[in-house]
Amino acid sequence: MRLFLFALCVLAETPALADDVDLKAIVADHVVPRYQSLAAEAAYLRVAAARDCAPDNAQLVTAYHDAFDAWVRVSHLRFGPSEQNGRAFALAFWPDPRSATPRALSALIQNNDAAVTQPDAFSTVSIAARGIYALDYMLCDPQFSVTINRSRHCALVRAITGDIATNAAAILDGWQGGYGTEMSRPGNDRFRTTSEAERQLFTALMTGLEFTAHARLGRPLGTFDRPRPSRAEAWRSGRSLRHVILSLQATAHLANLISGSDPQLTAALATAIARAEVLNDPIFAGVSDPQTRLRIEVLQQNVNAIRLHLTQRVGPSLGIAAGFNALDGD
Amino acid sequence: MGGSHSNGLCQPVATLRQLTRREPRLSPLRDGRVLLQSFWIAERGRRSPSSLHHKDRIFFGHGAFSADGAQLFTTKNDIETGHGIVGVWDARNGYKRVGAFASGGIGPHDIKLLPDAEVLAIANGGIETHPETGRTKLNIPTMRPNLTYATLDGQIMERIALSHDHHKNSIHHLAVTRDATAAFVMQWQGDLSDHAPLLGTHRLGQGGPALAKAEAFKGMQAYVGSVAAHRRSIAITSPRGGIFLEIDARDLALTHRMHMRDVCGVAPERDGFVCTDGTGRVFGTSTGAVTASHQIRWDNHLITL
């Protein structure tokens, strides 16, 4: 961390020069196909749960993993249709430091809540009980997956998967029903200039990388004296490291489109992805082991260095301030 | 804003720590007053000194003194409930914690004493965070920021919420004019393309808030870093947009707009406002001239002493 902070003080003087960002290509090749994939996987997840909602149904579990993969690949794109009506939060409520998700799920089951059997009503329950992280508990945490009350468990799994499918479809509709065009061709009420659209995408890229560094890697790392493996993302279904890899791949794709394939950035992202791929620690259990921990920390530093490069070199070329206060956010 | 600390002290925790360890950074102004500026060296992100930490509470970085300087009021969240708390500290007794009351919302940030010295204005930003998740925002879909007025013993006198359309407009910082108009500035948590208004004003007991027109904030990236009041003028800064604005406190009309890279700290001086930026420079806004330059990085916390 100290090295990174030192690096922050050494401001790069000359911004990298990117050509104009091809907004149309980003929307058509990066955003929309990913949301199409999420909508398709979520629709299949609903079907799989409708057929057989048992946590040991292999088809359901596979559909869950596929839908989660699709979500992680758009998890950095939290603006526009995914922001409207809190859809992204309803799809993905994490991190959850207060354990609101298991509490909300338990309450729904114990109270035999009528909202579970009515899709419209379910969309109004606590967002902690909705979305794919709630499904992670329902399918993979013995507190919920090993249940004597099969019918209530089943109804809740179907409610959650139905809600996920509805939300994913609504986000795709939003992108295809106007937002995508507005972002591709600024000069409208939403994006008055090209630069406004570029800033939104750049912010999404930065936020996505920050989430990977701080939450996906930072939460299980905790501190050296107190590592926190049980805070890893979706560890119940063994997905923690997978999320880091998938999100780095997705953000790398967007970073290349935004930066005009800045060679230094491309190389840094490839290095980070390669490092993650050889970690061989799927749920970051190794945060307590000094050697594995070091490798996870190095990966986190790689991601932070990428963020720094984007801030100092790529952002300024898009007219986005790289100043100290501009980044502080207090 | 007066020459004493009676109108509230706005500074980050690191400065409080530095105040106890070494001299604060002071700069003279032309009218004989001085500026207290806060700055970061290498401790960005680690902002909470143990002396102002209380178990299960997090200190968010702003405080206000009572008129006699005997009590310091600071904002923080209760970790378990997520509800905002105003902590009360005995300034004459080593800043011993002597009490606490509800801030009237979630995620309180800035706090200012009104000119009558009997009422605190509290900016409840509405955003829930948790120490385990750092700055990750946990409740954007349900956030409801508000401006709360409370007496020094914690009785809530009025609470001003924004309409549902603006529920993602986090009220972060406050300035109070001499006629007790509270100017509150916001950081929009929705889409950057939503073009939200970022400044509002309100007077205790005088109905609803007035919001400036969203057009004035073009280019500010939906983010205001700081606010100050001087006579009938309100100054706001956006480091992300590199923009300084002056707005008339009565009709909320835009009167002055300047581009200043990474501008953030702003405080009143004799002829207008003085600003600082992240490269260590100090500006007078009436002329736009750099009046001083330091080898440190000013953040958003700048006050007139």
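For clarity, every value in this text was computed on a predicted model and none was experimentally measured. Order of the sequence lines sets the chain letters (A, B, ...), proteins ahead of strands, with each chain counted from 1.
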Quick check: closest heavy atoms across [X] and [Y], and the distance to 0.1 Å?
X: Leu138(B); Y: Pro97(A); value: CD1-CG, 3.7 Å
X: Tyr179(A); Y: Asp191(B); value: OH-OD2, 2.7 Å
X: Thr129(B); Y: Arg98(A); value: O-NH2, 4.1 Å

If you define the side chain from C-beta out and look only at heavy atoms, does anything of [X] sit under 4.5 Å from [Y]?
X: Asn85(A); Y: Pro141(B); result: no
X: Arg190(A); Y: Asp194(B); result: yes
X: Leu192(B); Y: Phe79(A); result: no

Neighbour count above 12 (heavy atom, 6.0 Å) for Arg103(A) CZ: yes

Within 6.0 angstrom of Asp165(B) CG, more than 12 heavy atoms from elsewhere: yes

Residue part contacting chain A, namely of Gln189(B), when any heavy atom lies under 4.5 Å: backbone

Side chain, backbone, both or neither of Ser170(B) within contact of chain A (heavy atoms, under 4.5 Å):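 The answer is neither part of Ser170(B).
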
side-chain hydrogen bond (donor to acceptor under 3.5 Å, both in side chains) between His195(B) and Arg192(A), intermediate numbers included: CA-CA 10 Å; His195(B) 310 305; Arg192(A) 289 180 290 214; 2.9 Å; yes

Go through the atoms of [X] and report whether side chain, backbone, both or neither lie under 4.5 Å from a heavy atom of chain B.
X: Arg199(A); value: both
X: Gln200(A); value: both
X: Arg87(A); value: neither
X: Asp96(A); value: neither
X: Thr207(A); value: neither

CZ on Phe89(A) to OG1 on Thr142(B), rounded to 0.5 Å: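 That separation rounds to 8.0 Å.
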
Point-to-point distance, once rounded to the nearest 0.5 Å, from CD1 of Ile320(A) to CZ of Arg240(B):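 Ile320(A) CD1 to Arg240(B) CZ: 11.0 Å, rounded to 0.5 Å.
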
